[in-house]
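Inspection log for the structure reproduced underneath, given as structure tokens.
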Amino acid sequence: MRFRYEPESKPLDGYTIKRAIDRGGFGEVYYALSDAGKEVALKLLQDNLDIELRGIAQCLNLKHPNLLSIFDVRENDAGEHWVVMEYVSGDTLDRIIRDHPNGLLPRDVEKLLQGIASGVAYLHERGIVHRDLKPANIYRENGHVKIGDVGLAKFIAESQRSAQTQSVGTVYYMAPEIAHGRYGKEVDIYAIAVMTYEMLIGRVPFDGESTGEVLMKHLSQEPDLSVLPSKLQPVLKRALQKDPLQRTPTIEQFATEFSNALNGVQQDWDAFRNVGQGGTAERQAYEQKPRNDAEHRYGRRVETRHAARRGELASAQPWYLDQRNWWWMALAFVLSAVLFPVILPLTFGVGIALIPFLILAGFVGVGVVTIRWLIRAFSDDYGVPADDHRAGGHAIRLNTHYVRYQSPISERSLSVPERIAEASGSIAVAVVCAALISLAVLATDAVMHSPSEAVLFGIVTALGAAAAILPSKLWEGHATDGMFRRLVTGLCGVGVGVAAFAIGDSLMVELPVRDVTGVTEFVNRHGHLPVSLSTSAISTMIGYATFFGVLLVARRWWYHVDSYRPKRLRVTSVFWTAVVATLFGIVVRLPLEWAAMWGVAISTTAQLASVWVHPAQRPQQSRSDMAA
Amino acid sequence: MISAISHHDAGNTAIARRYMAWIDGVGNWLIVTSPEMTIGRATAGTGPLARIREPDAADCPLVANLSRRHVGFQRIDESYVLQARSAASVNGWPVDERIVLPQSCSIELSGGVQLGFSVPNQLSASARVTFQSSHRPPTSVDGVILMAETCVLGPGSNTHIRCESWPDSVILVRTADGISLKSQLPLLVDGRFSTTKQTVSNGQVVRGPDSVQFRLEPLEERQ
């Protein structure tokens, strides 16, 4: 992050820049002192060359204790436009939320909301819509709330700003009607409701992997209110309505409803509903409300983006969460249940062992999905008791890929000593994990029956985890080609297989592995060796090497062990690794229980042993990450 | 008369008594290199950046209802002693003239002024004073560092000045020639690669990777 102006430079007559503050959506912001010693924030407007200065004039003289004052807009000799603003030394709401990953106390939210509502109500009373309310634009200085960038959002939207998605952070707070180019005061109410939701539980109601996904959720998906205290649910439900006419009509009313709900004051929701719904005439007036050209352009642009992304957006909501699909799910579940026992003996009889296990995987998968759907449906009906909302929110948050923070695909710098330290520490933990797992498996007496078998299982598990961790640590934070990574981990896997054979041989543990590739037979027939190779030994080695090589190729191990992976241990990763291991165990004719357990053990060990940084403790994604 | 930089510590004439650290994306921190530091009421011309400094002005003047030199912090070896010239309390206990401060405590002065005191890094005797009430110096300051031999700036929780977005720490080290830098990061001082002997105590701009950029501005005082 480089800034154009150095400390002590004077790009604007009468002001000396002392340091940079931040780089926002509109340009760079500096802390500066006037010649008389007045502290100001100087905002250098960038990427908006076609600026109409009169657009900001209506906001220049606004005075309200909850609005950040704009002192002046000036142009320097170089033709740069500068906004001279009040300097606030406190934290932004964004920072406050990051410092409270489980959410703020409802009483603290109430205080912040009152300040925000007071400032925004002042704007709305004067016919001004902020349009870009988000936590990064809200400041708290000595407990006092200040709203920043007043007037700039409209200012920019009417010039060259493209679809207001320069920062993905903005789309988290974007009302659905913005897609149609409508910018009533309702968009501010919606944005504040989203921020209130985020303040309460530490995450936004709609997030996703891409801008399009988030926008689509705003347009089509209902927010999960069950994670909120039950008394606040109706307040947020109304303020987050998709239809602006159904939404809480004024920001003061939203703040009042919030306080009343928190204080246990009875509210007449029917009366509110009548106020909020609006009659046919009101709706027509709203629909026919003239939009200025810039808004119209803006709206079209967003809609075009939607059309272009439709293929991507169609998958924004997982199919199993769409309640219309539940009949199909039930049918698939019943069919799987019936087909599995019928097909299993038949296919085994003709040697096609793969099919029943694919059906088994499908059966288990559909079962898991059905149970998840039922739990979700149940939760929607009954909600979460108010006292439990924090625990509920936490559980939900763990299942959320919070894209605003860095992920395994984010590029970052790690020093060589850090990589060595993390890799060696993880491998040490992997050894302990593998030993514990092998002891646990031995104790069940289901897969292995002797200590030497447990030793073989444990050592190979540790080696497999190390083969996943070591090369992955070399690449962490770099943009290396995925195929190359798979190739390298696969080669490491072949090494693990050879080592497994050698260890098994020395421990005199013989698993009935067969060489289905026919290599041993080929070498004995055409190799002209003085002594024939032991078929069983060579076959076992090739079987092992093939099995572990494929296991280390087939999965994205660098993603599973990256310190910025979504969760410390993903059960789905373990499940799919076990499926892959089982399938290739069949191919090389390794005992299935050993193959499946190795898949489970290596995946679990590698994930548990690898360093993991909680998403809230990671740096935020840079714009280049988001673009990528 | 505007004087040259005032000096303290016999034998170390290259270090100013106070610096303002302007740190990009982080804030403004007052660094006091003297073993003694006073906090008191701001009067005309007593702000941290005031060009003319009155002789009895506090090192850290606050816009608050305080005495001109309300309390003093004194570093003795690795401990800090609070000397109260007017009403003050530590963790709610009134201070009778002097008290040895614990590693972390809350200090309340008259007029509702609340300060936080801590020694964040056990390997350094430097301490940090933060403002817990809304009272601040006339020019915005996020906190005061009572610098002993070192001052750590970086992303960790045991740093004196926390710079969350920095990839690694930078240590300010007091040397015979001034304040120099130690870091694993490649740093440029006024555009040139820094060496361990190079000082940064004359207002040089220090720049590193990512968002690392800061400047120590020596504060001029009347002798």
Side-chain angles (χ1 to χ4, degrees), chain A residues 1-9 16-24 28-41 86-92 94-95 98-99 136 139-144 405-406 411-418 477 613 616-622 624, chain B residues 20-29 42 44-51 63 112 114 130-143 155-157 162-169 183-186 188 190-191 200 203-217:
Chain A
M1 189 164 59
R2 284 279 163 258
F3 291 87
R4 187 176 299 183
Y5 288 99
E6 294 251 317
E8 296 300 309
S9 50
T16 306
I17 285 178
K18 304 304 283 188
R19 66 177 177 88
I21 296 175
D22 197 7
R23 192 192 300 277
E28 298 175 348
V29 189
Y30 298 91
Y31 169 88
L33 290 175
S34 75
D35 291 346
K38 174 77 176 170
E39 295 177 318
V40 293
E86 176 186 359
Y87 170 70
V88 181
S89 62
D91 288 332
T92 62
D94 196 36
R95 171 64 188 265
R98 268 189 287 145
D99 288 344
Y139 302 84
R140 185 172 68 176
E141 187 179 48
N142 304 323
H144 196 78
Y405 295 99
Q406 290 195 340
E411 288 196 36
R412 54 195 186 275
S413 62
L414 270 172
S415 65
V416 174
E418 278 177 320
V613 180
Q617 294 170 331
R618 298 172 197 169
Q620 282 191 358
Q621 278 192 330
S622 64
S624 56
Chain B
M20 183 65 89
W22 305 103
I23 310 171
D24 280 14
V26 176
N28 320 332
W29 283 77
T46 58
L49 300 178
R51 298 205 163 234
V63 183
Q114 288 182 323
T130 52
F131 309 108
Q132 292 178 342
S133 59
S134 61
H135 304 89
R136 294 284 188 282
T139 307
S140 183
V141 171
D142 294 295
S157 58
R162 191 159 189 197
C163 308
E164 278 190 342
S165 60
W166 287 19
D168 206 344
S169 296
S183 178
Q184 297 286 335
L185 298 173
L188 296 172
D190 275 350
V200 293
Q204 295 92 332
V205 177
V206 181
R207 181 185 278 185
D210 297 342
S211 59
V212 178
Q213 180 161 297
F214 65 95
R215 176 172 174 267
L216 295 184
E217 181 179 354

For this session: Considering only heavy atoms and a distance below 4.5 Å, find which of B/Asp24, B/Val26, B/Val205 pairs most often with chain A.
Result: B/Asp24
Exercise. What part of B/Gln213 gets closer than 4.5 Å to chain A, counting heavy atoms only: side chain, backbone, both or neither?
Worked result: side chain
Exercise. Do A/Ser89 and A/Glu141 have side-chain N/O donor and acceptor atoms under 3.5 Å apart?
Worked result: yes
For this session: With a 4.5 angstrom heavy-atom cut-off, could you sort out which part of A/Tyr30 is near chain B: side chain, backbone, both or neither?
Result: neither
Exercise. At a heavy-atom separation under 4.5 Å, does B/Glu164 approach chain A through its side chain, its backbone, both, or neither?
Worked result: side chain
For this session: Please look at B/Asn28 and chain A and tell me whether the side chain, the backbone, both or neither of the residue comes under 4.5 angstrom of a heavy atom of that chain.
Result: both
For this session: Using a 4.5 Å cut-off on heavy atoms from C-beta on, say whether the side chain of A/Phe3 contacts that of A/Ile17.
Result: no
For this session: Would you indicate whether the side-chain heavy atoms of A/Lys18 and B/Met20 approach each other to under 4.5 Å?
Result: no
Exercise. Looking at side-chain heavy atoms only, is the closest gap between B/Trp166 and B/Phe214 below 4.5 Å?
Worked result: yes
For this session: Would you indicate whether the side-chain heavy atoms of A/Thr16 and A/Glu8 approach each other to under 4.5 Å?
Result: yes
